[in-house]
Number of protein chains: 2
Amino acid sequence: MSPRPKVGLEINEILEAAGEIADVFGIQEVTLANLAKKLGIRPPSLYNHFDGLGGLRKKMAIYGINCLYEELAPSAIGVSGDEAVLAISNAYVNFARKHPGIYEATLMAPDMEDEDVQQAGAKVVELSVRVLQAFELKGDRALHAVRGLRSILHGFSALEQSGGFKMDLDLNVSLEIIIKAFINGMRAS
Amino acid sequence: MSPRPKVGLEINEILEAAGEIADVFGIQEVTLANLAKKLGIRPPSLYNHFDGLGGLRKKMAIYGINCLYEELAPSAIGVSGDEAVLAISNAYVNFARKHPGIYEATLMAPDMEDEDVQQAGAKVVELSVRVLQAFELKGDRALHAVRGLRSILHGFSALEQSGGFKMDLDLNVSLEIIIKAFINGMRAS
DNA sequence: AAAATAAAACTAATGTTATTAGTTAAAGGG
DNA sequence: CCCTTTAACTAATAACATTAGTTTTATTTT
C-alpha cells in the first residue's frame with residue numbers, strides 16, 4: 001500500500017469552503033484566488049487537490065448533488081403517495097433556497113456526461129423513481145414522470161433564484177398547486 | 001438635436017455577433033476579447049456601446065428574451081386550449097435547442113430585477129397568461145399556472161441542455177406528456 | 001464648403017486571474 | 001532511520017477586463 005498522508009478530510013474541507021463562498025457571494029466568486037485566500041494557502045497549491053478550475057467545478061457538482069440527496073432522502077421517510085412527492089419537492093426547493101451557490105454548482109460541471117457526476121445524479125433519480133412508484137405508472141410513463149418532476153423542481157428553483165418570479169404571490173402555495181396538478185394529471189391517464 | 005452617427009443598427013450587430021459566439025462556443029466564450037476579435041475592433045472600443053461585461057450581459061438578456069418572444073408569439077396564432085399550450089411549449093424548447101447560448105443568456109443578467117429586463121420578460125409572461133386564459137382558472141390560480149408552465153419549460157430546457165436527461169427516451173414525447181398532465185391537473189380542480 | 005461637435009475607434013498601462021514549471025518542506029510506511 | 005508520497009511554496013506567463021487619455025471619423029451646424 002502506498003503512503004497517503006491525511007487525505008479524506010482535506011478535500012471536503014476545501015469543498016465546504018468553496019460552498020460557503022458560493023452561497024454567500026455567488027458562484028462567480030468561487031475563484032482559485034478567493035478559495036486559496038479563504039484556506040490560507042497560495043492558489044497553485046490547490047492543484048494538488050483537483051485539476052484546476054474545471055476540476056473544482058466537477059468536484060463541487062458532485063459534492064452539491066450529494067448534499068441535495070442528503071436533504072431529500074430523509075424527507076421521504078414515513079410518507080407515501082402525494083404526501084411523499086410534496087415532501088421531497090419542498091425539501092428540494094428549500095435546499096436551493098438555503099444553499100443557492102451549492103445548488104447552482106450542481107449543474108455547473110464542465111462535462112455533465114462525466115461518469116462520476118452521472119453516478120451522483122443517479123441516486124437522486126432513483127429516489128424520485130421510488131417516490132413516484134406509488135402511482136403505478138405503466139411502462140415509460142414512470143420515466144416521463146421523473147423528468148417532469150425534475151423539470152418542475154429545477155425550473156422553479158432556478159427561476160426563484162434568479163428573480164424570475166416577480167409577482168406578489170406566495171411561492172410555497174405555487175409549488176404545492178403545481179406539484180399537485182402535475183401528479184393528478186399523470187395519475188388521470 | 002445632438003449629432004448621432006449611425007447608432008441603431010450598431011448595437012444589434014454586436015448582440016448578433018455575441019449571440020453567435022454563445023450558441024457555437026458556449027456562453028463562457030463570450031468575452032470582450034473574443035467579441036472584439038469577431039467584430040474586427042479592439043476590446044476597449046466596446047465600452048462605447050455598453051458598460052463592460054456586465055452591461056453586455058444585461059443587453060444580451062434583453063436581446064435573448066425578445067428573440068424568444070418572437071418565436072413564441074406566432075406559434076400561438078390560430079390555436080387555442082391544449083393545442084395552444086403545446087404549441088408554445090414546443091416553440092420554447094425548440095428555441096432553447098436552436099439557440100442554447102442565447103437562451104442561457106436570457107437568465108444571465110447581472111441584475112434580473114432590472115427594469116428593462118423585467119419589461120422584456122413581462123411580454124412573455126403576458127403571452128403565457130393569454131394562452132392559459134382559455135382554461136378559465138379562478139383568481140390566483142391563473143398566476144400559479146403561469147409559474148408552473150414557466151418552471152416546466154425552463155427546467156426541461158435547462159436540464160436537456162446540460163445533459164441532465166440521460167435515459168434513452170424521446171424528449172418530445174416527455175414534454176407532451178408532462179405538459180398535458182400539468183394542464184389537465186390544473187383544469188381538474 | 002468649412003468649422004464645430006459627438007461618437008467611436010485607437011494605444012498604452014494596470015490589476016486580476018488561471019495556469020505551468022520547478023522546488024522545498026513534511027508526514028507516514030518500510 | 002530512510003524512502004516515498006503529498007502538499008505546500010516561489011517565480012513566471014498568458015489571457016482577460018478595465019481605465020485613462022488620444023485620435024479618427026462622420027454628422028450637424030454655421
Side-chain angles (χ1 to χ4, degrees), chain A residues 1-22 24-63 101 104-105 108-111 114, chain B residues 1-22 24-63 101 104-105 108-111 114:
Chain A
M1 196 59 88
S2 47
R4 17 178 76 209
K6 67 161 170 175
V7 284
L9 276 190
E10 199 62 54
I11 183 66
N12 247 34
E13 273 179 45
I14 295 176
L15 291 174
E16 277 173 30
E20 280 177 33
I21 295 174
V24 176
F25 301 105
I27 193 86
Q28 76 286 350
E29 291 298 312
V30 181
T31 63
L32 297 189
N34 283 339
L35 181 55
K37 191 175 298 176
K38 183 169 181 123
L39 293 168
I41 61 177
R42 303 297 179 129
S45 307
L46 291 169
Y47 284 77
N48 289 312
H49 299 280
F50 44 77
D51 187 14
L53 196 56
L56 172 62
R57 297 232 170 94
K58 172 182 164 178
K59 283 200 190 302
M60 281 188 76
I62 296 168
Y63 169 76
E104 202 176 350
M108 286 256 308
D111 176 19
D114 179 277
Chain B
M1 195 60 85
S2 48
R4 10 179 82 210
K6 67 162 172 175
V7 284
L9 275 190
E10 199 61 54
I11 183 66
N12 247 35
E13 273 178 46
I14 295 175
L15 291 174
E16 277 174 31
E20 281 178 31
I21 296 173
V24 176
F25 300 104
I27 193 85
Q28 76 287 350
E29 290 299 313
V30 181
T31 64
L32 297 188
N34 283 339
L35 181 56
K37 191 176 297 175
K38 183 170 181 121
L39 292 168
I41 60 177
R42 303 298 179 133
S45 308
L46 290 169
Y47 284 77
N48 290 312
H49 299 282
F50 45 76
D51 188 13
L53 197 55
L56 173 62
R57 297 232 169 93
K58 173 182 162 177
K59 283 199 191 301
M60 281 189 77
I62 296 168
Y63 170 76
E104 201 177 350
M108 286 257 306
D111 175 19
D114 178 277

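Note that the structure is predicted; figures quoted are calculated from it, not measured. Proteins get letters first, then strands, A, B, ... in listed order; numbering begins at 1 in each.
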Which nucleotide in the list [options] gets nearest to the side chain of [X]?
| X | options | value |
| --- | --- | --- |
| Pro44(A) | dC9(D), dA9(C), dT19(D) | dC9(D) |
| Thr31(B) | dA7(D), dA17(D), dA18(C) | dA17(D) |
| Ile41(B) | dA8(D), dA17(D), dC10(C) | dC10(C) |
| Arg42(B) | dT19(C), dA17(D), dC10(C) | dC10(C) |

Atom pair distance, as rounded to whole Å: [atom1] in [X] and [atom2] in [N]:
| X | N | atom1 | atom2 | value |
| --- | --- | --- | --- | --- |
| Leu46(B) | dT19(D) | CG | P | 13 Å |
| Glu29(B) | dA17(D) | CD | P | 10 Å |
| Leu56(B) | dC16(D) | CG | C1' | 14 Å |
| Ile14(B) | dA7(C) | CD1 | P | 15 Å |
| Leu35(B) | dA9(C) | CG | P | 11 Å |
| Leu32(A) | dT13(D) | CG | P | 20 Å |

With no angle test and no hydrogens, is the base of dA7(C) tied to the side chain of Asn48(B) by a donor-acceptor pair under 3.5 Å?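 By the distance-only test, no, there is no pair.
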
Looking at His49(B), I'd like to know whether one of its side-chain N or O atoms comes within less than 4.0 Å of OP1 or OP2 on dA7(C). no

Would you indicate, yes or no, if dA7(D) has its OP1 or OP2 atom less than 4.0 angstrom from a side-chain nitrogen or oxygen of Tyr47(A)?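 Negative; the distance criterion is not met.
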
I need the Leu39(A) CG to Ile21(A) CD1 distance, nearest 0.5 Å.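 These two atoms lie 7.5 Å from each other.
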
When rounded to the nearest 0.5 Å, the distance separating CD1 of Ile41(A) from CG of Asn48(A) is 8.5 Å

Going by side chain to side chain contact (heavy atoms under 4.5 Å, CB included), Leu46(B) matches just one of Leu32(B), Asp51(B), Leu56(B), Leu53(B). Which one?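 So, applying the side chain to side chain contact (heavy atoms under 4.5 Å, CB included) to Leu46(B) and each of Leu32(B), Asp51(B), Leu56(B), Leu53(B), only Leu32(B) qualifies.
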
Position toward the 5' end of DNA chain C (nearest nucleotide), Asn34(A) or Asp51(A):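 Looking at DNA chain C, the more 5' nearest nucleotide goes with Asn34(A).
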
Heavy-atom side-chain contact between Leu15(B) and Phe50(B) under 4.5 Å: no

Heavy-atom side-chain contact between Met60(B) and Met108(B) under 4.5 Å: no

Using a heavy-atom cut-off of 4.0 Å across all strands, would you classify Ser45(B) as base, sugar-phosphate, or nothing? base

